[in-house]
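Since the structure comes first, as structure tokens, the remarks are kept for the end.
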Amino acid sequence: MDLKIDVSQENIQRPLNVFIKCSQHHYHTSVAARETAQALKTLAQAARGVAASTNDPEAAHAMLDSARDVMEGSAMLIQEAKQALIAPGDTESQQRLAQVAKAVSHSLNNCVNCLPGQKDVDVALKSIGEASKKLLVDSLPPSTKPFQEAQSELNQAAADLNQSAGEVVHATRGQSGELAAASGKFSDDFDEFLDAGIEMAGQAQTKEDQMQVIGNLKNISMASSKLLLAAKSLSVDPGAPNAKNLLAAAARAVTESINQLIMLCTQQAPGQKECDNALRELETVKGMLENPNEPVSDLSYFDCIESVMENSKVLGESMAGISQNAKTGDLPAFGECVGIASKALCGLTEAAAQAAYLVGISDPNSQAGHQGLVDPIQFARANQAIQMACQNLVDPGSSPSQVLSAATIVAKHTSALCNACRIASSKTANPVAKRHFVQSAKEVANSTANLVKTIKALDGDFSEDNRNKCRIATTPLIEAVENLTAFASNPEFASIPAQISSEGSQAQEPILVSAKTMLESSSYLIRTARSLAINPKDPPTWSVLAGHSHTVSDSIKSLITSIRDKAPGQRECDYSIDGINRCIRDIEQASLAAVSQSLATRDDISVEALQEQLTSVVQEIGHLIDPIATAARGEAAQLGHKVTQLASYFEPLILAAVGVASKMLDHQQQMTVLDQTKTLAESALQMLYAAKEGGGNPKAQHTHDAITEAAQLMKEAVDDIMVTLNEAASEVGLVGGMVDAIAEAMSKLDEGTPPEPKGTFVDYQTTVVKYSKAIAVTAQEMMTKSVTNPEELGGLASQMTTDYGHLALQGQMAAATAEPEEIGFQIRTRVQDLGHGCIFLVQKAGALQVCPTDSYTKRELIECARSVTEKVSLVLSALQAGNKGTQACITAATAVSGIIADLDTTIMFATAGTLNAENGETFADHRENILKTAKALVEDTKLLVSGAASTPDKLAQAAQSSAATITQLAEVVKLGAASLGSNDPETQVVLINAIKDVAKALSDLIGATKGAASKPADDPSMYQLKGAAKVMVTNVTSLLKTVKAVEDEATRGTRALEATIEYIKQELTVFQSKDIPEKTSSPEESIRMTKGITMATAKAVAAGNSCRQEDVIATANLSRKAVSDMLIACKQASFYPDVSEEVRTRALRYGTECTLGYLDLLEHVLVILQKPTPELKHQLAAFSKRVAGAVTELIQAAEAMKGTEWVDPEDPTVIAETELLGAAASIEAAAKKLEQLKPRAKPKQADETLDFEEQILEAAKSIAAATSALVKSASAAQRELVAQGKVGSIPANAADDGQWSQGLISAARMVAAATSSLCEAANASVQGHASEEKLISSAKQVAASTAQLLVACKVKADQDSEAMKRLQAAGNAVKRASDNLVRAAQKAAFGKADDDDVVVKTKFVGGIAQIIAAQEEMLKKERELEEARKKLAQIRQQQYKFLPTELREDEG
């Protein structure tokens, strides 16, 4: 009943504070009113129960009366709160509300004080206060007793008071009557002790000695009051957080203050009072070992072990000193050793109690306590101290020194309260509590400041007027402190005590027994030593001392052993290790059964349920890895909980894994699941061994690396099994794991505090754009596969899940770094919306895999894919709002990369000799246009560089302008190159390479600008920007020189060579950077690329000898490609998996050496061109040897990369396999990248013209016809070449033909295959199933295949033969037809403004916004098309070099 009364008091006090602070907030006030009504109901029941159970009628009436006062006051309070809500600004109603609330609070305190035992404690407190007034005098009369008698009485009174303090502590655990008796006895003993102390003070010879005694007596008075307050709190609420520790600390404070007085006042034989003090201290600390369920200190478990070791060493030395000094009679040294031993024993006891607490809470069945927001007992203590100090201030008898002392106490405690309020307000998330703490601290601080002013005035003039002012100033301070104390007692802020299980208590027992034995035997030892100090010649006493000393030593050894053996988590680690070992044996048995095809199938559960169960268990294990690693490194108390939790998951893991494997039909899949499960169990076992070794000891640094490594291995094992499960699930349409993964990634977006950002918004913006586009491409591909290959949807869904996981993480960081916060919120919201779209799409993909023919599900999937695409565009627009300038840079960079890819395709046409002039134009017609556009690009470049330091709008404008200008420049240069005529392909390539260099430099410059945006001038990214701008200027200058020299036959070769040298230097700079390549290639690829260097070297030597401009141009073009390919392949191969650091460094060094040697060769050729002499030409051989030597070293380094798995790259089988794999990868990459982001338009109305579809069909027909003629021409050309003996009918080796090992028929088949794809795309486009972009890509594929066919023919054919002419004509026809189709499709895709597709907003602002959004969407799609174009060009370049082996087999 007592506890119910106290809980009700707290439950009523909390809404009281809400009424006062939130009387203008309807919601909070209504909640507080309901809470008050419920708490009053509980209070009424408890009050009746207490009244019925007491034997004292007066006490029963007092309880009921005080409860009635609370009820009436609360009713008035609710009424006043209602009035305050009606008139929120009325000051008078607010004041009335505060007065009524104060009255209710006072009634509540009276109610609690009516509880049995409480009144007696209050009486005792009052009695101590009254008795202490005897100390408030300036001087004491001289003592009338002899010194020895006064000393003896003081010692006896001290012993009685110390014993009474122990009884008070013990009584708090018993009945209320016990506390009443104990507090009464304590009060009486205090009176006697105070009288004995005052008598002793009268013995003092000087005023200073007397005041010192009085000061000590005051300290004892204060400590006694605190002890009774702590006992009162604990008796009312035994579960109050930290109350037990506070009571023990108060009892120790009483003992210590008594010891200080005894040390000051007594004149015993040396060593005697030290022994008495030590015995009192040991008696006080003994209470710590009674049921330790609260932390005694902040020591960790391993700190406790260290403390025990240090204190036991100190104790051993001091015990030896006690014995030695007692023998020799050195009593001062004896007393000092006793004091040291006492401190060491107290330290040992504290460490033992804390260790026992940590052992108890580390048991998996125990629950650790949690620190509260504030310590209500600290507030109550401060309140009591401030009230007592204020009483002393206003007491007419207080002296100036007493006033000063009281003022110091007030300042000290109010400062502590304000500091506690500041900390609490910073910790709490509750805005009402935060505001209340801040306001209360202000009130306390202001009233303290006012009081200090009056105290200063009083100190200057002790007049009645000043004392009265001082009395008035204390009232608001006391009220403020009381209100704050009441608010701090709110249970919401209280700590949660630990709940120790019975197993935890048993684990504590050995430590507690050892510690208690140590204390008991130490007490006997000190008592024995005390008597020996007086009579050191007593042999039996020495024997007893030795016995006690031996017992103390044994108990300390036992204590140390117990603490070490009971280290938290060790026992649980052992149990968990045994459990996981059993699981590993079970999984091994299942693996053996699977090998012998005898694994029994589980028929009691579906495969879906098993897979979901396995997935959830693996995810839970994954979530525990980091907490276990953290606990093993420094949180010993948590280790047992975490490892037990981990081990509990492995039995269901094994059951689910074996069940899933038993349901699988594929034996390889079975073994994979079982092996990966076993790997996970073994990695967990390694983790547990490492965790056991670490034990949660932060000082065991040598174990931390092993813990980190084991955690990483375990994470990898979890990832591996999750990938396998997702793939297995996706094969049968189970996508629950993927949906959970996406949902988990979405939930992380809502986490309050993201990880510390390691980059800027621009960095995260770039990666978010990348992953967003990847998701959009996957969605488009899923739309296509839903019709053609539904079985492939699982892999695509898995890819989307992975991409979204990366996107969510990067999106969270982008949102965290975005400014203002609204943009971050928008990014986070839109990424979450995209997550919902991805979940729906993945679910539909799973449903379609289960039933691939369901047309309704297909339609739903297509709708979901379109929704995902639209949500991607919303994410991108949110990113653009975050930084318009950098988003424009990303868009511009995409556009430029598309231009570079387009130029690569143009170079292929030029090389094939099919880049012809139209309408008989000459280069002079285009020169001025090229120069003018190039100068415009230079101006745009300047704006772009300056835009990095200006506003986002200016940066965006500069990026868009530069992208538009480079597009225009590329077009005019292509026209200029075409005007040179197909008879001079090398010069055409030189010119296109020059503009390609400019485009690449612009792409790098845009990237550098994006990185430097909004950065300070001394940021490293600014230096990168300056470097990129310098390269840009160099390349534009080179273009201008090339344009001017292109028609000058005497210098154009020299100019081409100069441009190539500059290009190679730039490529070498990229090669030497520390950037890791995005992908790796095999060492064989690196070796293959060195062949190009060898050929180019020979060509360069020949050009140097001949000095013909045509040879030099050819050398320049070949050198550019050969060196670039070699550098790329070398760097990618050096980062091939399992390549050692030494081999990587060696390969990179010789790649650089080879390039530098080749540069020297080209520069020497340049010197020869300017001054051709026999001596210079003779030196060419030395330069070529240097290149050859570097190539040899590079090949050896590549062979070392492969190690024992090295194969001969010349082997036709290896070539065939590599080419087949390369072709497959290229086709797959192209297929993914060519899926466009644009959703299908709505069907047109019936009255619309269908000219677009007609154009498509017409163009497709003409391409098909042209291709047919082309293949027939190729057949004729092949027959002619075979007849001439230039090509064998069946090539014996893939290396027989440098370009195409199959001859022309196989190349023509590539054209035919591309044409077939084109016709399908055209048909699908007319029916509304495919995008215009797909049609364009198919047409360009036909054109590229045609260019490859022409190259293949020109390698061997006679240029003047009839067949070659027919083939050339057929190729040109295909190219024209493809161009027509591309133009038609582009016109439809980008040229038309289809009003039927959109709903136009009528309002002006909305309409403008709609126009801007539409323009943004259009530009974005164009950029993405250019990016796809780049990818296709790369694939075609690879196909240009090698043909897959399968075609040769078909040919045969």
What's the separation between atom [atom1] in [X] and atom [atom2] in [Y], rounded to the nearest 0.5 Å?
X    : Y    : atom1 : atom2 : result
I340 : M319 : CD1   : CE    : 13.5 Å
I511 : S558 : CD1   : OG    : 10.0 Å
I128 : I220 : CD1   : CD1   : 11.5 Å
S187 : K126 : OG    : NZ    : 12.0 Å
R527 : S523 : CZ    : OG    : 5.5 Å

Exercise. Is there a donor-acceptor pair closer than 3.5 Å between any side-chain N or O of S342 and the backbone N or O of V338?
Worked result: no
Exercise. Is there a donor-acceptor pair under 3.5 Å between the side chain of S127 and the backbone N or O of V123?
Worked result: no
For this session: Begin with the C-alpha distance, continue with both residues' side-chain angles, and end with the deciding distance and a verdict on side-chain hydrogen bond (donor to acceptor under 3.5 Å, both in side chains) for N219 and S257.
Result: CA-CA 7 Å; N219 289 341; S257 55; over 6 Å; no
[X] versus [Y]: any side-chain heavy-atom pair under 4.5 Å?
X    : Y    : answer
D160 : F193 : no
T528 : L525 : no
S164 : V168 : no

Problem set entry | Audit row: S555, S521, side-chain contact (heavy atoms from CB on, under 4.5 Å) steps and yes/no | CA-CA 9 Å; S555 61; S521 53; 4.2 Å; yes
Exercise. Thinking salt bridges, do E350 and R252 make one under a 4.0 Å N-O criterion?
Worked result: yes
Exercise. Stepwise, does the side-chain contact (heavy atoms from CB on, under 4.5 Å) test hold for Y524 with T551?
Worked result: CA-CA 10 Å; Y524 290 141; T551 308; over 6 Å; no
For this session: Establish, from distance only, whether the side-chain atoms of Q387 and N383 form a donor-acceptor pair under 3.5 Å.
Result: yes
Problem set entry | Residue pair D189, K185: steps toward the salt bridge (Lys or Arg N to Asp or Glu O under 4.0 Å) verdict | CA-CA 6 Å; D189 288 340; K185 183 174 181 296; 3.1 Å; yes
